[in-house]
Amino acid sequence: MKRDIFSEFRLNGFTLKNRLGVAPMTRMSSVADSIPRQDVLDFLVRRAERGAALVFSEALVTDYESAQGYPGQARLLTQRQIEAWKKVTDAIRAQGSVSIMQMFHCGRVAWPEVNPAGRIIAPSPVTPRQKNPLTDKPYPVPDEISRFDIQHVIQGFVETAKGAVAAGFDGVEVHGAHGYLINEFLSSYSNHRRDDYGGPLENRYRFAKEVVAAVREVVPADRLLTFRISNWGVVDPDVSLFETREEWQALIERLSAEPIDAISLSTYDFQAKGFDTDKTICQLTREVTDLPLMICGKIHDRSTAEAALQDADVVLSGKSFLLNPDFVADVRAGKSLPLRRAEEANIAYTEALLL
Ligand SMILES: Cc1cc2nc3c(=O)[nH]c(=O)nc-3n(C[C@H](O)[C@H](O)[C@H](O)COP(=O)(O)O)c2cc1C
């Protein structure tokens with residue numbers, strides 16, 4: 001049966017008024033106080049005002065030491081930061097929409113010059129093959145993260161989740177995708193450890209499991225906890241981070257056993273087939289999980305949203321929401337809408353205001 005984009009969906013105790021959500025998008029607009037520019041905060045509220053059922057924040061970095069990978073990233077670790085976001089979550093709720101704060105540690109993609117402690121930590125001292133596009137230099141060799149550091153980094157996720165709860169977010173997302181720290185542990189491409197955080201999937205999964213368990217402790221049962229996952233990373237983007245359908249599905253099965261409320265699956269293109277099968281990654285994921293599933297990647301108009309919703313419960317759009325305040329109305333009207341290019345999404349990295 002065809003699912004209706006404009007039908008409600010129950011997510012834990014929340015009702016999404018339709019199936020369309022704003023994907024998390026880093027904007028690099030925060031200056032000294034790690035609070036995003038006002039137009040960047042307003043953009044999230046405006047998308048709720050214009051019909052998005054679900055709004056993700058940009059990815060917030062989880063500490064002041066080693067988590068940051070891009071200039072101008074936001075945090076949720078101080079009262080001033082909490083107060084800035086509280087206005088956003090209140091305004092989103094007033095529209096009957098749901099807000100989720102996404103958080104991450106950039107791991108080996110982090111950039112020493114933007115981290116006050118100036119250090120880089122990752123599961124293994126291995127750099128991406130590609131250069132850092134922001135510095136045009138090779139990424140520095142990261143320190144192999146120690147057990148001490150692991151506990152410390154987990155605390156950063158916990159403190160940021162507490163900040164999100166205090167700021168009134170309806171939920172928290174652990175960013176386990178796109179080649180950042182959690183994803184680096186999960187993938188044998190970047191995790192070469194020989195201790196119980198490396199080797200077989202069970203071990204590579206341990207860090208993600210510990211983060212989720214620690215964060216769930218501070219996210220009350222009546223708020224949402226979601227986990228974002230992908231098979232690709234922002235560095236060395238051509239690499240399949242998981243090797244086989246079996247490995248991918250084993251990972252999803254593990255995630256499904258966690259105390260999370262949904263899995264958010266990030267793809268380049270939701271229609272692309274995965275792991276040499278005739279199925280999409282979303283279909284392969286759906287096969288092994290009963291958790292609510294969000295899907296993202298080249299969903300840009302009504303027909304792609306309807307197609308994506310056949311195998312998922314909620315569809316997220318990034319660039320289409322970023323560049324078009326009226327995206328929900330345009331989808332509803334069945335308008336012909338462009339597939340946006342990455343270069344178009346640089347808005348707010350510059351002085352240009354986000355509408
Ligand atoms: C400018 C920009 C910033 C992004 N920042 C994040 C981020 O902070 N966290 C995240 O999980 N994904 C991030 N993404 C990925 C998007 O959430 C989304 O998965 C991607 O844009 C594909 O969806 P689309 O084809 O609808 O744009 C970003 C994408 C863009 C274009």
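Quick caveat, the model's predicted, so the values are computed rather than measured. Read the numbers this way: they start at 1 and go in the same order the structure lists the ligands and their atoms.
Inspection of the H300 and S317 side chains reveals no N or O donor paired with an N or O acceptor under 3.5 Å. No hydrogens or angles considered: nothing links the side chains of Q102 and E58 as a donor-acceptor pair under 3.5 Å.
Those atoms of ligand 1 that come under 4.0 Å of a heavy atom in C296, given as number and element, are 18 (C), 19 (O), 22 (C), 23 (O). Per-residue contacts place G318 under 4.0 angstrom from the following atoms of ligand 1 (heavy atoms of the residue considered): 23 (O), 24 (P), 26 (O), 27 (O). Of all atoms in ligand 1, numbered sequentially from 1 with element shown, those under 4.0 Å from a heavy atom of S317 are 26 (O). Listed by number with element, the atoms of ligand 1 under 4.0 Å from a non-hydrogen atom of A23 are 17 (O). Every atom of ligand 1 is numbered from 1 in the order shown, and the set under 4.0 Å from a heavy atom of S266 is 19 (O). Heavy-atom contacts of Q102 reach the following atoms of ligand 1: 7 (C), 8 (O), 9 (N), 10 (C), 11 (O) (cutoff under 4.0 Å). Interface atoms of ligand 1 facing K298, defined by a heavy-atom separation under 4.0 Å, are 24 (P), 25 (O). Applying the 4.0 Å criterion to heavy atoms of R27 picks out, from ligand 1, the atoms 1 (C).
Of all the heavy atoms of H175, the ones lying under 4.0 Å from any atom of ligand 1 belong exclusively to the side chain. Neither the backbone nor the side chain of H300 comes within contact range of ligand 1; no heavy atom lies under 4.0 Å. Both the backbone and the side chain of A59 come within contact range of ligand 1, each with a heavy atom under 4.0 Å. At a heavy-atom distance under 4.0 Å, atoms from both the backbone and the side chain of P24 approach ligand 1.
A heavy-atom distance below 4.5 Å is found between the side chains of L316 and S264. Looking only at side-chain heavy atoms (C-beta outward), I229 and I263 come within less than 4.5 Å of each other. When side chains are defined from C-beta on, I281 does not count as touching Y268, because their heavy atoms never get closer than 4.5 Å.
For F321 and F327, the gap between ring centers is short of 6.0 Å.
Some N or O of K319 is nearer than 3.5 Å to an N or O of ligand 1, by distance alone. Considering backbone and side-chain N/O of R228, one or more are found under 3.5 Å from N/O of ligand 1. Backbone and side-chain nitrogen or oxygen atoms of L322 are examined, and none is located within less than 3.5 angstrom of a nitrogen or oxygen of ligand 1. Here's the thing with T267: none of its N/O atoms is less than 3.5 angstrom from an N/O atom of ligand 1.
Between H178 and H175, the ring-plane angle classifies as perpendicular under the 30° and 60° cut-offs. Note: F104 and Y70 have parallel aromatic rings, judged against thresholds of 30 and 60 degrees for the angle between ring planes.
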Walk me through it: do R75 and S34 pass the test side-chain hydrogen bond (donor to acceptor under 3.5 Å, both in side chains)?
CA-CA 5 Å; R75 293 179 172 81; S34 284; 2.9 Å; yes
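Side-chain atoms of S7 come within 3.5 Å of backbone N or O of D4 as a donor-acceptor pair.
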